[in-house]
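Right, one structure below, let's go through it.
Keep in mind it's a predicted model, so treat the numbers as computed, not measured.
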Amino acid sequence: MLIEDISVIETSRCLVEEGKFKAITMASASLTEVLPYLNAVLEKANYYHTAGSLVFKDGDIGFTLQKNKINVTRFANMTQLYECLDWIKDLINETSANRAQIKPDLSARKVLPALVIYKFLPQTNCRQCGQRTCLAFAAKLNKMEAGIDDCPPLARPENAALRTSLFDQMS
């Protein structure tokens, strides 16, 4: 068994969807070696070999795996978070145990250009994300140096369609 335990480090409100939450968790072992195998078994995962990260959705819930860190977004409550963590732990352990039968996949499936990402942003240049412009923020999203949750205006009800479209495009 690769992962014995996943500990919740921090939870906060999700900026992408009102009433949802996000969490930063730590796995008891490194995930680095299993990421290419998970990329092979998950249909719509985005694997970034050079960054050592894997991003995917299960329903509406988003996951980002990196080294021994697992970020979970858009969950409704702590019960759902722990169910997600049990599920991801089982998936990681099962994939790790079956590595001999799985061809690792080092390819990234989808990288949106910054200009395409920009079209899904509110385009207010409000700087709430820490960037001078929405285009600069789009470039950070493109490079996986920022997350959708880092744009507070996307959490507003009037931007729900943009938020959903961007999340779907990037997942």
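Formation of a donor-acceptor pair under 3.5 Å by the N68 side chain with backbone atoms of M26 is not found in this model. Proximity of a side-chain donor or acceptor of N39 to a complementary backbone N or O of L54 within less than 3.5 Å is not detected. Looking at S96, its side chain never comes within 3.5 Å of a backbone N or O of I92 through a donor-acceptor pair. A donor-acceptor pair is defined here as one N or O able to donate and one able to accept, closer than 3.5 Å; no such pair exists between the side chain of D86 and the backbone of E83. Put simply, the side chain of S28 gets close to the backbone of E4: a donor and an acceptor are under 3.5 Å apart.
A salt bridge is absent between E18 and R13: the closest approach of a Lys/Arg side-chain nitrogen to an acidic carboxylate oxygen does not fall below 4.0 angstrom.
To the nearest 0.5 Å, atoms CE (M78) and CZ (F21) are separated by 9.5 Å. Taking CZ from R99 and OH from Y37, the interatomic distance works out to 5.5 Å, rounded to the nearest 0.5 Å. For the atom pair N71 CG and S53 OG, the distance stands at 10.0 Å (nearest 0.5 Å). Here the SG atom belonging to C134 is positioned 6.0 Å from the OH atom belonging to Y118, to the nearest 0.5 angstrom. Separation of atoms CD1 (I148) and SG (C129) is listed at 13.0 Å; rounding is to 0.5 Å. The line from OG1 of T11 to CG of N77 is 11.5 Å long, rounded to the nearest 0.5 Å.
The nearest pair of heavy atoms linking I3 to A27 is CD1-CB, 3.7 Å. Nearest heavy atom pair, residue I6 against residue K89, reads CD1-CB, 3.8 Å. Heavy-atom minimum distance, L162 versus K119: CD2-O, 4.0 Å. Nearest heavy atom pair, residue S107 against residue Y47, reads O-CB, 3.8 Å. A23 and L81 get closest at one heavy-atom pair: CB-CD2, 3.8 Å. Between L135 and L115 the shortest heavy-atom distance is CD1-CD2, 3.8 Å.
Using cut-offs of 30° and 60° on the angle between ring planes, the pair F56 and F63 is parallel.
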So L65 and L35, side-chain contact (heavy atoms from CB on, under 4.5 Å) or not? Walk me through it.
CA-CA 8 Å; L65 284 64; L35 293 180; 3.8 Å; yes
Passes side-chain contact (heavy atoms from CB on, under 4.5 Å), I70 versus T64? Steps please.
CA-CA 6 Å; I70 302 170; T64 303; over 6 Å; no
Check against side-chain contact (heavy atoms from CB on, under 4.5 Å), T95 and L42
CA-CA 10 Å; T95 302; L42 293 166; over 6 Å; no
Criterion side-chain contact (heavy atoms from CB on, under 4.5 Å) on K22 and R74, from CA distance to verdict
CA-CA 6 Å; K22 61 181 179 176; R74 298 173 82 180; over 6 Å; no
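N98 meets the side-chain contact (heavy atoms from CB on, under 4.5 Å) test with E94, Q101, I102; sequence neighbours excluded.
The closest side-chain heavy-atom distance from D105 to P36 is not below 4.5 Å.
Screening residues 123-146 for ring-ring contact (aromatic ring centres under 6.0 Å, His included), with sequence neighbours left out, gives no hits.
A donor-acceptor contact under 3.5 angstrom links the side chains of D5 and S7, judged on distance only.
No single ILVMFWY cluster, assembled from side-chain heavy atoms under 4.5 Å apart, contains both I24 and L85.
Enclosure of atom CD in Q123 by more than 12 non-hydrogen atoms of other residues, nucleotides or ligands within 6.0 angstrom is indicated.
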